[in-house]
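Being a predicted model, the structure only gives us computed values, none of them experimental. In what follows, residues are counted from 1 in the order of the sequence shown. Read the numbers this way: they start at 1 and go in the same order the structure lists the ligands and their atoms.
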Amino acid sequence: MENFEFYSPTCFVFGKETENRAGELVKRFGGTKVLIHYGGGSVVRSGLLDRVKTSLDKENIPYVELGGVKPNPRSGLVYEGIDLCKKEGVDFILAVGGGSTIDSSKAIAAGVLYDGDFWDFYSGKPITEALPVGTILTIAAAGSEGSGDSVITKEEGMLKRGASGNAIRPKFSILNPALTQTLPAYQIAAGITDIMAHLYERYLTNTEEVEVTDRLIEALLLTMIHEGPRVIADPDNYEARANIMWAGTMAHTNSCGVGRSQDWLSHMIEHELSALYDCAHGAGLAVTMPAVHTYEMPHNVMRFAQVAVRVWGCQMDFAHPEVTAKAGIEAFRNYLISIGMPKNFEELGAKEEDIPKLVDVLLHGNGGNGTISGFMTLGEEDCTKIYQLMV
Ligand code: NZQ
Ligand code: ZN
């Protein structure tokens, strides 16, 4: 195991009706003027936004509002949010929604305290200072409610890039599984896929002897395999939603990723798809992961065989471990299809003729040096082959 420092200061408040504690929590974490940031309207329609406002009113905390965050959040609204916060003297950002709203909130929080262009953070500058952020999560997926990351798309060139820093880890996150009840089945499945991707990206490591984190990841993957179909078959199943929601948070606080190298190639390769086609990130991952894993498998056959046996219940073929490894990749692909996710470019709405463009932006966009690294280092030929596996 490698040396590590793990800082995860978020206060998680979990359970039914916990959104009514928003005001109390903003106060506890020092907010005196709040920006309520939200997406395309689901929180207005569900009545959640009104409940949050009532909770702030009860604590006499003034607020301004900025809605309109799109899935795959754009930089334009971030600039708008930064200006609004400066003008209104906002000192706390409250994200009400999914990963996109939370990521946009984190970008605004960092941008308000920075004199330069906030996009610098999405071009490699670490975030060391930000306004405090609180979240009220409405979809189990991205894990942004417990992560130190934010992903934003710059409209110019549709560049989708991430920024990181402990300063943007939320001060608190309210997790009420019942709030996910209004989600369409496709979004639930996309969320499940993203959660499993965050686990796989950590499982695919070049570090030896990391049994504790391996076992944590396997437990969470098994939970997702069990609970995913239950929630899709029975949308009223609160307990299944609760297990998925907490698994989603644990998958991405990085408690499962400490002390080990991680992969993230599937995420980098997928981000070009959701940037270009504006597809759901989880749906893009459903098409990307089986291709990336197939390509990566020869790099460490035993790692793929291990997850196949321990998580997917495959029989270990000691003479031909690659057979076991492949069976595990196939089982994962079939699971994703079974929950309603797309399986190839066509079903995702992607086009084969765009592959050179996808590879170019992936490797050279935003100052890229022509390779990407994770479990393996990939260049142009590798990435082209991987996208071709998705066709
Ligand atoms: O905008 P509204 O109207 O709220 O609708 C959203 C949106 O259309 C809807 N939705 C959310 N909760 C709902 C609901 N509809 C009905 N009822 C509810 N309770 O679902 C749609 C998707 O929302 P979004 O926030 O985009 O989903 P998600 O949480 O999957 O976030 C995806 C974004 O997170 C990034 C992705 O790249 C993508 O941009 N990621 C962020 C990470 C991080 N910050 O740590 C890590 C991830 O790997 C990921 O890259
Ligand atoms: Zn993800």
- Message: Just checking H252 against W246, ring centres under 6.0 Å apart?
- Response: no
- How many protein N, O or S atoms are found at a distance of less than 2.8 Å from the Zn ion (ligand 2)? 4
- Short side-chain donor-acceptor distance under 3.5 Å, T288 and Y387: no
- Query: Under the 6.0 Å and 45° cation-pi test, does R303 pair with Y203?
  - Reply: yes
- Message: Distance to the ring centre below 6.0 angstrom and angle to the axis at most 45 degrees; does that hold for K326 and F304?
- Response: no
- Query: Side-chain donor-acceptor pair under 3.5 Å between D263 and Y200, yes or no?
  - Reply: no
Note every protein N or O atom lying under 3.5 Å from an N or O atom of ligand 1, pairing the names and giving the distance.
| residue | atom | partner | partner atom | Å |
| --- | --- | --- | --- | --- |
| ligand 1 | 1 (O) | G40 | N | 2.7 |
| ligand 1 | 3 (O) | G40 | N | 3.2 |
| ligand 1 | 3 (O) | G41 | N | 3.1 |
| ligand 1 | 3 (O) | S42 | N | 2.9 |
| ligand 1 | 4 (O) | S42 | OG | 2.7 |
| ligand 1 | 12 (N) | T138 | O | 3.4 |
| ligand 1 | 12 (N) | T138 | OG1 | 2.8 |
| ligand 1 | 17 (N) | T182 | OG1 | 2.7 |
| ligand 1 | 19 (N) | T138 | O | 3.0 |
| ligand 1 | 19 (N) | L179 | O | 2.9 |
| ligand 1 | 19 (N) | T182 | OG1 | 3.2 |
| ligand 1 | 25 (O) | G99 | N | 3.1 |
| ligand 1 | 25 (O) | S100 | N | 2.9 |
| ligand 1 | 25 (O) | S100 | OG | 3.4 |
| ligand 1 | 26 (O) | S100 | OG | 2.5 |
| ligand 1 | 29 (O) | G99 | N | 2.7 |
| ligand 1 | 31 (O) | S100 | N | 3.4 |
| ligand 1 | 37 (O) | K160 | NZ | 2.8 |
| ligand 1 | 39 (O) | K160 | NZ | 3.4 |
| ligand 1 | 44 (N) | D103 | OD1 | 2.7 |
| ligand 1 | 44 (N) | D103 | OD2 | 3.1 |
| ligand 1 | 44 (N) | S144 | OG | 3.2 |
| ligand 1 | 44 (N) | D149 | O | 3.0 |
| ligand 1 | 45 (O) | S147 | OG | 2.8 |
| ligand 1 | 45 (O) | H252 | NE2 | 3.0 |
| ligand 1 | 48 (O) | H198 | NE2 | 2.7 |
| ligand 1 | 48 (O) | H267 | NE2 | 2.8 |
| ligand 1 | 48 (O) | H281 | NE2 | 3.3 |
| ligand 1 | 50 (O) | H271 | NE2 | 3.2 |
| ligand 1 | 50 (O) | H281 | NE2 | 3.3 |

- Cluster partners of V151, using ILVMFWY side-chain heavy atoms under 4.5 angstrom, listed by chain and number? none
- Distance-only side-chain donor-acceptor flag, R230 / N243, under 3.5 Å: no
- Item | All salt bridge (Lys or Arg N to Asp or Glu O under 4.0 Å) counterparts of K27, not counting sequence neighbours | E59
- Task: Check the pair R260 / D214 against salt bridge (Lys or Arg N to Asp or Glu O under 4.0 Å), numbers first and verdict last.
- Result: CA-CA 10 Å; R260 54 197 286 151; D214 272 2; 2.8 Å; yes
